[in-house]
Number of protein chains: 2
Amino acid sequence: MVHVARNCVICSRLTSDFSYGVDCCNACKMFFRRHVVKESPLKPCLSGNEVCPPDTLAGCQFCRFHKCLQSGMTLEPLIPKPPLNDFIENLSKLDSYRYQILCNYYPIDPDLNVATVLFFKKVMYTEREPESQMNFTSWIYMSALATIEVMKKFPFVYLAKPGDQLILTRSSFMNVSSFCAAFRAYSSNQEVLSFPDGSDVLPYEFVSSRYEEIGNRIRRRLISKFVDLKINKDEFLLLLVLIFCNPALPNLSETGQILVSTYQNVYSSALFQYCSQKYEKCGPIRYTELLSVISVIGKHAEDVNNYFVISQLHGIDCFIPSIVEEGINLL
Amino acid sequence: MVHVARNCVICSRLTSDFSYGVDCCNACKMFFRRHVVKESPLKPCLSGNEVCPPDTLAGCQFCRFHKCLQSGMTLEPLIPKPPLNDFIENLSKLDSYRYQILCNYYPIDPDLNVATVLFFKKVMYTEREPESQMNFTSWIYMSALATIEVMKKFPFVYLAKPGDQLILTRSSFMNVSSFCAAFRAYSSNQEVLSFPDGSDVLPYEFVSSRYEEIGNRIRRRLISKFVDLKINKDEFLLLLVLIFCNPALPNLSETGQILVSTYQNVYSSALFQYCSQKYEKCGPIRYTELLSVISVIGKHAEDVNNYFVISQLHGIDCFIPSIVEEGINLL
DNA sequence: ATCCACAGGTCAAAGGTCAC
DNA sequence: AGTGACCTTTGACCTGTGGA
């Protein structure tokens, strides 16, 4: 039994080991394993975004990890799959965290952008005074921030390249915010979207009834879908993740696609498992019904985009924070 | 040739295999085999003592092993049966180990209990100074500890559930200690039990001759039985195991009973084999004679128990370590 | 002989551990 | 804290053997 030494596909060291589907030394195996299993974030690459040369890979977590992904190391079996209840509970905590930020904080910087919220270690907030007045602009600003703060806690986001993180968050935070607002309205038997203080999510009514139509679709469509489905909190939480864990986005890098589609598998399996447990043989039907919410979110996003285009055309200028513009322009 | 897939009775995986008397997948077969054949200890169950769900069984050695036993996997054919000489030599080493601890060590913690000695990874001892004074209390404390340290090295103990381990050791360590002390006295032609320094195994003489009687029985009964039988070291060692490998104990769990009765079979076969080899056609008679020692141990235990009850009644208070009390209360 | 069911063995890959 | 050399455990696959 002769062990033939080959080169580690990650770091080029000589090795006879084969792990996670590739020729790879024990050190790289353990490195990859740890970061996926322990869900520990990566230190960013100091040499910009280029890939470090193999002999210095050990010094750069970021490039080493992405080399692992690019080399085809099997990711999914390593992703922790906690019991469904624990997973849902964790999602619930994240949702509360989002709502907590939305209702009680305001950033020191009044014009943050997506990149800053994603990559700065500490975005500074102050607690809002109870009497502090929130208007349309500040509500959509806080909605964006609170949502991005939560999104960046998901491994497929924080393990991705900075460019991919931007694509993922920019293209989804509006949808996620709307989705959460819709579920809050649905839970309290309201038929229209509103901000936590009850104010309207649209800044003004168009005089023309033609434009009233689109406003009402924005306010009601998601909620009435929830009513149709009689969706519950657990289903909402499990769907929420699937909204932004979407590998079909254009311009994602190769490793970004691997990350997103792998985690999407994991999350959709969780939803499927939930449906099977709760609805037994009707589980698959329920699963399909729930997934149909995602296309409704798509229509909602279209409406939102159109609404902003129309209001621009009408010259109605109501201040849109630049971070929100980043989200709208990408729709 | 149709292989019908069934569910593994241990882990529920689909399989067509049948091993060790049950429908069971190859993985569970190898798992069970290894732990019995290699006599490798089990990592304790993290979820308390409940049985892990089948799909996570592979992650918990303890629950998986006990599921194997409970499912009726045949245990005995897998138990290693080394040549009799090797087995006896191994027992002899364990006995020396016990005597070594008894004579030369003292634990850092002066009031250990049975559970701690059984389940803690490392019970800390210090070497005793030759001049260190041992009194009655410290001798019975060390006897208990040394005996339990040896008992926990037997597979039917360390493979058992924690609750069964407690029952097994608590109910036997006093008997085992007495049995060993008796053989040491017999070997050096003494007629009464004593601690290694020659001091009396009972803390004081009752003045009344009625109570002197019981003290003398405790001191002499076992030794005179050994003299009657002209027992030798090998026989002593083989009997020693049978004293604490006793499936008749109340409250043993189902798997505890399986373990203890199976190992008792193995050990009594070894004694029978020894007798047959050494005494040829008189072997069975010798075997029966030797087994009668076990009932003598029972009488001895009764005397010890009564002695302690009497001394309590007389208000003679001489400190009994709590670990020893655990052993007396169960007699 | 030759099937085949089950016992037992092998080894690559996965999963820990621990000193640095 | 993170790393990686080294160790243990697992289970898919293989070989051996005895009965029909």
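In what follows, chains carry the letters A, B, and so on, assigned in the order in which the sequence lines appear, proteins first and then strands, with residues in each chain numbered from 1.
- Not a single donor-acceptor contact under 3.5 angstrom links the side-chain atoms of B/Arg33 to the base of D/dG11.
- The side chain of A/Asn26 lies closest to D/dG4 when the candidates are D/dG11, D/dG4, C/dA14.
- Among the heavy atoms of the strands lying under 4.0 Å from A/Leu78 are primed sugar atoms or P, OP1, OP2 only; no base atom is included.
- With sequence neighbours left out, the ring pair (Phe, Tyr, Trp, His ring centres under 6.0 Å) criterion links A/Phe154 to A/Phe244.
- Checked against C/dA7, C/dC6, D/dT3, the side chain of A/Gln61 finds its nearest nucleotide in D/dT3.
- One atom, NZ of A/Lys29, and another, P of C/dA14, lie 7 Å apart when rounded to the nearest Å.
- Residues A/Glu149 and A/Tyr125 bring a donor and an acceptor atom of their side chains to less than 3.5 Å of each other.
- Comparing B/Met30 and B/Pro41 by the nucleotide of DNA chain D that holds the closest heavy atom to each, the one mapping nearer the 5' end is B/Pro41.
- Residue A/Lys43 has its side chain nearest to D/dG2 when only D/dG4, C/dA13, D/dG2 are considered.
- A donor and an acceptor atom, one from each side chain of B/Thr116 and B/Asn113, are located under 3.5 Å apart.
- At a cut-off of 3.5 angstrom, the base of D/dG2 holds no donor-acceptor pair with the side chain of A/Lys38.
- Checked by distance alone, A/Arg34 brings a side-chain donor or acceptor within 3.5 Å of a matching partner on the base of D/dG4.
- When atom types are taken as modelled, the side chain of A/Asn7 and the backbone of A/Val9 share no donor-acceptor pair closer than 3.5 angstrom.
- Taking atom CG on A/Asp17 and atom C1' on D/dC6, their separation rounds to 11 Å, with Å as the unit.
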